Amino acid sequence: MAKKILIPKNHPRYCSLVIREKLVDGFENGLVAREGLIAHGRGESFDYLLGEKTIYPALKAIDAASALFILAEHPIISINGNTAALCAKEISQLNQSLEKCSIEINLFYHTKTREKLIASELQKYGVKKILGIDSSKKTTIPELESNRRNVDSEGIFKSDVVFIPLEDGDRAIALKKMNKKIITVDLNPLSRTSIASDISIVDNIVRAVPQLIKCVEHHKKNTTKKELKKIISSFNNEESLSDSLNILKSSRMLTKT
Ligand code: PTJ
């Protein structure tokens, strides 16, 4: 295991460097695929342009996502290696906030070992029921070639709302074809996942999930079903992605040079 370096708190990229360390730890502990480190680099470059802040289209998307989650009959959170390394604790809190929700492990670079390690990471934070690990319950998503096609018949397969943070585009498109409502978190507003999803939260997952929990808790206490439906119907993903892209284009990082 590599020797830990001290990241000074006053470093201008402190938060970003702490997130990197979590990914590296996740890789060294076997949760994250090698390719996950590269995928993180892509996300990080967008976050740099966003000024590492949650932008207003993301806040609106989070609001709509929380409403969709609350109204869902069979909501499910699909978790991969990067998500587990960055926010297993917050994902388990979100799962607890949503009474009908379940968590399913779904890996692009699937190995049984990573699956087990991710399951025990979730168990550390109190998740009791984890789907996607019992091979007798596995079924497949039609028209999908990657390992992501293998899903739990009682989880993603029968869900009505699927949360697929940090995902590859093929499965998002395949799940849409199965008439599921898709929520994603993806820092890249141009990704196929962002475009294919019903609600795309263009934000870093480490900021988006805690905000999502806050929103769910708020709406559970204060918002009627009718109001929740209104929040969902007034959200337009295409507009939201276009707003996010405009913010990226006018990034303070770009205007500095
Ligand atoms: O754990 P596995 O085997 O399931 O593999 C997971 C990865 C992430 C490696 C796999 O799904 C993959 O290769 O994903 P992609 O196709 O690289 O897509 C990941 C997307 O997430 C990209 O659009 C990134 O910009 C985005 N992303 C990366 N890190 C973050 C992020 N979005 C939000 N927050 C992040 N921290």
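Order of appearance sets the numbers: ligands from 1, and atoms from 1 within every ligand. Nothing here was measured: the structure is a model prediction, and the numbers come from that model.
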Please tabulate, for the side chains in residues 76-89, all donor-acceptor contacts under 3.5 angstrom to protein atoms that are two or more places apart in sequence or on a different chain.
from, atom 1, to, atom 2, distance (Å)
Ser78, OG, Arg171, NH2, 2.8
Asn80, OD1, Asn82, N, 3.2
Asn80, OD1, Thr83, N, 2.9
Asn80, OD1, Thr83, OG1, 3.0
Asn80, ND2, Leu166, O, 2.9
Asn82, ND2, Gly36, O, 2.9

Q) Which ligand 1 atoms, with their elements, are less than 4.0 angstrom from a heavy-atom of Gly36? A) 9 (C)
Q.
I need the nearest protein heavy-atom contact for atom 21 (O) of ligand 1: residue, atom name and distance, please.
A. Leu166 CA, 3.6 Å
**Q.** Residue, atom name and distance, where the atom is the protein heavy atom closest to atom 17 (O) of ligand 1
**A.** Ala39 CB, 3.4 Å
Q) Salt bridge check: are Glu217 and Lys220 linked by an N-O gap of less than 4.0 Å? A) yes
(Q) Looking only at side-chain N and O atoms, does Thr54 offer a donor or acceptor that is under 3.5 Å from a partner on Asp203? (A) yes
Q: Between Ser191, Ala84, Gly43, flag the one that comes closest to atom 27 (N) of ligand 1 by a heavy atom.
A: Gly43
Q) What atoms of ligand 1 come within less than 4.0 Å of a heavy atom belonging to Gly81? A) 1 (O)
Q. Can an N or O of Arg148 be found at a distance shorter than 3.5 Å from an N or O of ligand 1?
A. yes
(Q) Pairs of nitrogen or oxygen atoms closer than 3.5 Å, one from Phe108 and one from ligand 1: do any exist? (A) yes
Q. Do Glu239 and Lys60 sit within salt-bridge range, that is, some charged N less than 4.0 Å from a carboxylate O?
A. no
Q.
Suppose we measure from atom 34 (N) of ligand 1 to each protein heavy atom; which comes out shortest, and what is that distance?
A. Ile205 N, 3.0 Å
Q | Shortest non-hydrogen contact from Ile201 toward Ile183 | A | CD1-CG2, 4.2 Å
Q: If you have a sec, work out which protein heavy atom is nearest atom 3 (O) of ligand 1 and how many Å separate them, to one decimal?
A: Tyr109 N, 2.8 Å
Q: Verify the neighbour count for atom NZ of Lys116: are there more than 12 heavy atoms of other residues, nucleotides or ligands below 6.0 Å?
A: no
Q. For atom 1 (O) of ligand 1, what is the nearest protein heavy atom, given as residue, atom name and distance?
A. Arg114 NH2, 2.6 Å
Q. Among protein heavy atoms, which lies nearest atom 36 (N) of ligand 1, and at what distance?
A. Asn204 OD1, 3.0 Å
(Q) Ignoring hydrogens and geometry beyond distance, is a side-chain donor-acceptor pair present between Ser136 and Asp134 at under 3.5 Å? (A) yes
Q) Any idea which atoms of ligand 1 are less than 4.0 Å away from a heavy-atom of Leu86? A) 36 (N)
Q) What residue and heavy atom of the protein are closest to atom 18 (O) of ligand 1, and at what distance? A) Glu167 O, 3.3 Å
Q: Please confirm whether Asp203 comes under 4.0 Å of ligand 1, counting heavy atoms of the residue only.
A: yes
Q. What are the two closest non-hydrogen atoms of Leu187 and Gly43, and how far apart are they?
A. CD1-O, 3.3 Å
Q. Which atoms of ligand 1 sit under 4.0 Å from any heavy atom of Asp168?
A. 16 (O)
Q: Could you pull out the closest heavy-atom pair between Asn204 and Asp47, with the gap in Å?
A: ND2-OD2, 2.9 Å
(Q) For ligand 1, which is the ligand I care about here, please tell me if Asp186 has any N or O atom under 3.5 Å from one of the ligand's N or O atoms. (A) yes
(Q) I need the atoms of ligand 1 closer than 4.0 Å to a non-hydrogen atom of Asn188, numbered in the order shown. (A) 23 (O), 25 (O)
Q.
Between Asn237 and Ser197 (side chain of the first, backbone of the second, donor and acceptor by atom type, cut-off under 3.5 Å), is there such a pair?
A. yes
Q. What's the shortest distance from atom 6 (C) of ligand 1 to any protein heavy atom, and which residue and atom give it?
A. Asn80 ND2, 3.7 Å
Q | Test of proximity, Leu187 against ligand 1: N or O pairs below 3.5 Å | A | yes
Q. What's the shortest heavy-atom distance between Pro189 and Ile195, and which atoms?
A. O-CG1, 4.2 Å
Q. Using heavy atoms and a threshold below 4.0 Å, how should the contact between His110 and ligand 1 be classified: side chain, backbone, both, or neither?
A. neither
Q) Is Arg149 paired with Glu143 through a side-chain N to carboxylate O contact shorter than 4.0 Å? A) no
Q | Shortest non-hydrogen separation from Glu167 to Ile164 and the atoms involved | A | CB-O, 3.3 Å
Q: Could you tell me if any non-hydrogen atom of Glu44 lies under 4.0 Å from any atom of ligand 1?
A: no
